[in-house]
Structures are given as structure tokens and as C-alpha cells.
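Okay, structure first, notes after.
Naming: A, B, ... by sequence-line order, numbering from 1 per chain.
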Number of protein chains: 2
Amino acid sequence: MKLSTRTRYGVRAILELAENAGEGPLQLRIIARRQGISVKYLEQLMAVLKSAGFVRSIRGAKGGYILAKPPDKIRLDEVFYCLEGTVTTAECVEDEKYCQRAAGCAARIIWTQVHEAIEKVLEAITLQDLIDKANACGAANYHI
Amino acid sequence: MKLSTRTRYGVRAILELAENAGEGPLQLRIIARRQGISVKYLEQLMAVLKSAGFVRSIRGAKGGYILAKPPDKIRLDEVFYCLEGTVTTAECVEDEKYCQRAAGCAARIIWTQVHEAIEKVLEAITLQDLIDKANACGAANYHI
DNA sequence: TAATATACTACCAAATTAGTAGGAATATCA
DNA sequence: TGATATTCCTACTAATTTGGTAGTATATTA
């Protein structure tokens, strides 16, 4: 069930943009350095996020990326779906016709339950929520 | 987030054994035919399930596989862990030292929540539970 | 001993994933 | 206008994982 680096890096990158929301554009070079990801690989991930409408790019010197929507309007399930492709656990979960045995299938019950549990978590949380929680934890760590 | 065929086939195979519990040993040939999986591939999966102590093998003519424990004593999280390897979404979830940024990391919060949601579902259900539910559904389909 | 099964080891092919490379297009600033 | 900084685009490649096959050894039953 491990997530692909594509999803992991992609989410980390969009979170950087979310934390930077309201400031100017953030360059890949900066994100790459902060997150320890190659600029060239990030380029590809950002292209995906861009075509899905989550981020906007500004070309040229002093350019970079910014979120296309406020961070409290971007839910994690949308981002996952965009990066991970299928958020589902098995084909038959969403397409009953995929397998003849689907109707009385014991296995399909568990695939479905896991799938729904994941979706429920991701639907309920936005980029802003995550940042707030992280700040709460980070602050606690610094013993303020 | 798609499960590997390893996990999907493995769970389906062990469910066949669970449904057969109390009868004699079940041959891979039979499971393979019912589930549409190659015998040779099943062999490998059963070897994994065997070394983890979920099933026992009986060699020779009239041999086959049986569950090593009653089906209500085998939880799905154990089976998943055995087949899938890591049930976790990212390394840092279970190993905080894996990444320096782990403490205040917004991304890690979501990896963790998804991970916990999956575990919660799988911990709460046994092979027997699944079979019971499937029978309930199957019965409904047959309009009894 | 013949037939039937699992056990074990090795190998292989396809697909996916992760990452690199190079240069073109574009915007900024001096 | 020219130097620089940045995204954009396309292609390539290396590594890993996945899914599967083959052959032989070993155990059991009849």
C-alpha cells in the first residue's frame, strides 16, 4: 500500500506552495532544495498539478509557481487522485462488471471497505487543514 | 493505492481455504481453477502464507493446503501485512527518524491518517467475518 | 512403483517508476 | 538589447517491481 514517490513528492510540493500562499511565486529550485527532490523531477510533477488546475505558473525571471485556489479549497482526495491516478484498491470496487464473481465475493468486501476508509480521510481534509495541524505540532515541539 | 496482485490473489486464496475449513486439504489446482490464477504463481503466494503460519501444507497425493488456525482467528491486517509487506503509506509514518523534517511535516500527517484508517478497517475483520458477509450478500442475490 | 501433490530454486519478460538531459520559450532587469 | 533566470517540452534511460514460467526434488497414497 505504499504511495508512489510521485504522490509523496507531489503532495509535499503543493504543501510548500500552500504554506507560501499570499506571497509571490515560489521557484522549483527553492522547493527542490527544501524538500530534497531533483528540480527536473519536480518539473514533471508540477506539470501534472498544473494541468489539473491546482497550480499556476509564472515564467521567466522571478517566476515560479503559486496555488491556483486558496489552500482551504483544495481537498487532499483531489490531489491524490490527480497524482496517484487510481485511489481505489482493486478494479472491481468501482466496476462491478470487472469480475463475474463480484456479487458474492468475500474479497471484494474488504477491498471496498479499505477504499472507502481512505476516501473518507482524504475527502475530509484540505491543504489548509494540514498546514494548521502541522503548525500546531511544530509549535508544540519548540516548547512555546 | 492499488493493491498488488500478490495481495489480491493471496487473500482470495486464503479465503477459499477458509470457506473449506473443516473439510480436508484443498489443492492448489482447485483454487487456481476457481479463482482463475496460475497454479505456479499460487505456489509462491502459498509459500509466503505458509511461512507466516497462516496455512499448513500436506504433500503428496490427496494433499493440499488447510488453514493453520480457525478462520475467526485470522485477522485481515495480519494477512495483508504478510502479503503486502508494508501496509504503511510512507516510511516516515512508522519510523520518525527516517526523515529529519518528520516533526513538523504537514505531509506526514496525511500519510499517518490514511495509514491508520486502513489499519483500523483491517484489524476489525477476520476471514470468518468476511465469509459471513459474503454469504449474506450472495443469499440476497439468489432471492431466497 | 506409478500417480499425485507440494517444495524449492532459478530464471525471465513486461510494466511501472524514478530520474536525467538538453534545449526552447518566455519574462525580468540592467 | 543582452544577460540571466525561470518554466516548458520532449525524449531517453536506469532501476525496480510485478507477474509469471520451468524444471526438478521430495513426500504420500494406492
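When rounded to the nearest whole Å, the span between CG of B:L42 and P of D:dG20 equals 10 Å. The separation between A:E43 atom CD and C:dG22 atom C1' is 11 Å, rounded to whole Å. Atom-to-atom, CD1 of B:I31 to P of C:dA5 comes out at 13 Å; the value is rounded to the nearest Å. With rounding to whole Å, A:M46 atom CE is found 16 Å from D:dC9 atom C1'. Spacing between atom CG of A:L45 and atom C1' of D:dC9 amounts to 15 Å, rounded to whole angstrom units. At whole-Å resolution of the value, CD in A:Q27 and C1' in D:dC8 are 16 Å apart. The CZ-C1' distance, from B:R29 to C:dT6, rounds to 12 Å in whole Å. In this structure, B:R56 atom CZ and D:dA27 atom P are separated by 18 Å, rounded to whole Å.
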Using atom names, set out every protein N or O paired with an N or O of nucleotides 15-20 of chain C below 3.5 Å, distance rounded to 0.1 Å.
{"unit_1": "C:dA18", "atom_1": "OP1", "unit_2": "A:T5", "atom_2": "N", "d": "2.9"}
{"unit_1": "C:dA18", "atom_1": "OP1", "unit_2": "A:T5", "atom_2": "OG1", "d": "3.0"}
{"unit_1": "C:dA18", "atom_1": "OP2", "unit_2": "A:T5", "atom_2": "N", "d": "3.4"}
{"unit_1": "C:dA18", "atom_1": "OP2", "unit_2": "A:T5", "atom_2": "OG1", "d": "3.0"}
{"unit_1": "C:dA18", "atom_1": "OP2", "unit_2": "A:R6", "atom_2": "N", "d": "3.4"}
{"unit_1": "C:dA18", "atom_1": "O5'", "unit_2": "A:T5", "atom_2": "OG1", "d": "3.0"}
{"unit_1": "C:dT20", "atom_1": "OP2", "unit_2": "A:S38", "atom_2": "OG", "d": "3.4"}
{"unit_1": "C:dT20", "atom_1": "O4", "unit_2": "A:Q44", "atom_2": "NE2", "d": "2.5"}

For nucleotides 15-17 of chain D, tabulate all protein N/O to nucleotide N/O atom pairs closer than 3.5 Å, reporting atom names and distance.
none

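The CZ atom of B:R75 lies 15.5 Å from the CD atom of B:Q128; values are rounded to the nearest 0.5 Å. Atoms CG and CD, on A:L67 and A:E19 in that order, are 10.5 Å from each other to the nearest 0.5 Å.
No side-chain donor-acceptor contact under 3.5 Å links B:T5 to the backbone of B:R8. A donor-acceptor contact shorter than 3.5 Å is absent between the side chain of B:T7 and the backbone of B:L3. A distance-only check finds no donor-acceptor pair linking the side chain of A:R12 to the backbone of B:A107 [under 3.5 Å]. Remark: side-chain polar atoms of B:T89 are paired, donor with acceptor, to backbone N or O of B:W111 under 3.5 angstrom. Remark: the backbone N or O of A:D129 is paired with a side-chain donor or acceptor of A:T126 at under 3.5 angstrom. Between the side chain of A:R29 and the backbone N or O of A:V39, no donor-acceptor pair lies under 3.5 Å.
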Item to check | Contact state string [nucleotides 25-30 of chain C, B base, S sugar-phosphate only, - no protein heavy atom under 4.0 Å] | outcome: BBBSS-

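In this structure, A:K2 pairs ionically with B:E91, as a charged nitrogen and a carboxylate oxygen lie closer than 4.0 Å.
No side-chain donor-acceptor contact under 3.5 Å links B:E16 and B:N20.
B:K50 comes within 4.0 angstrom of sugar-phosphate atoms only, judged by non-hydrogen atoms across all strands, and of no base.
Both B:L49 and B:Y41 are members of a single hydrophobic cluster when ILVMFWY side chains are connected at heavy-atom separations under 4.5 Å.
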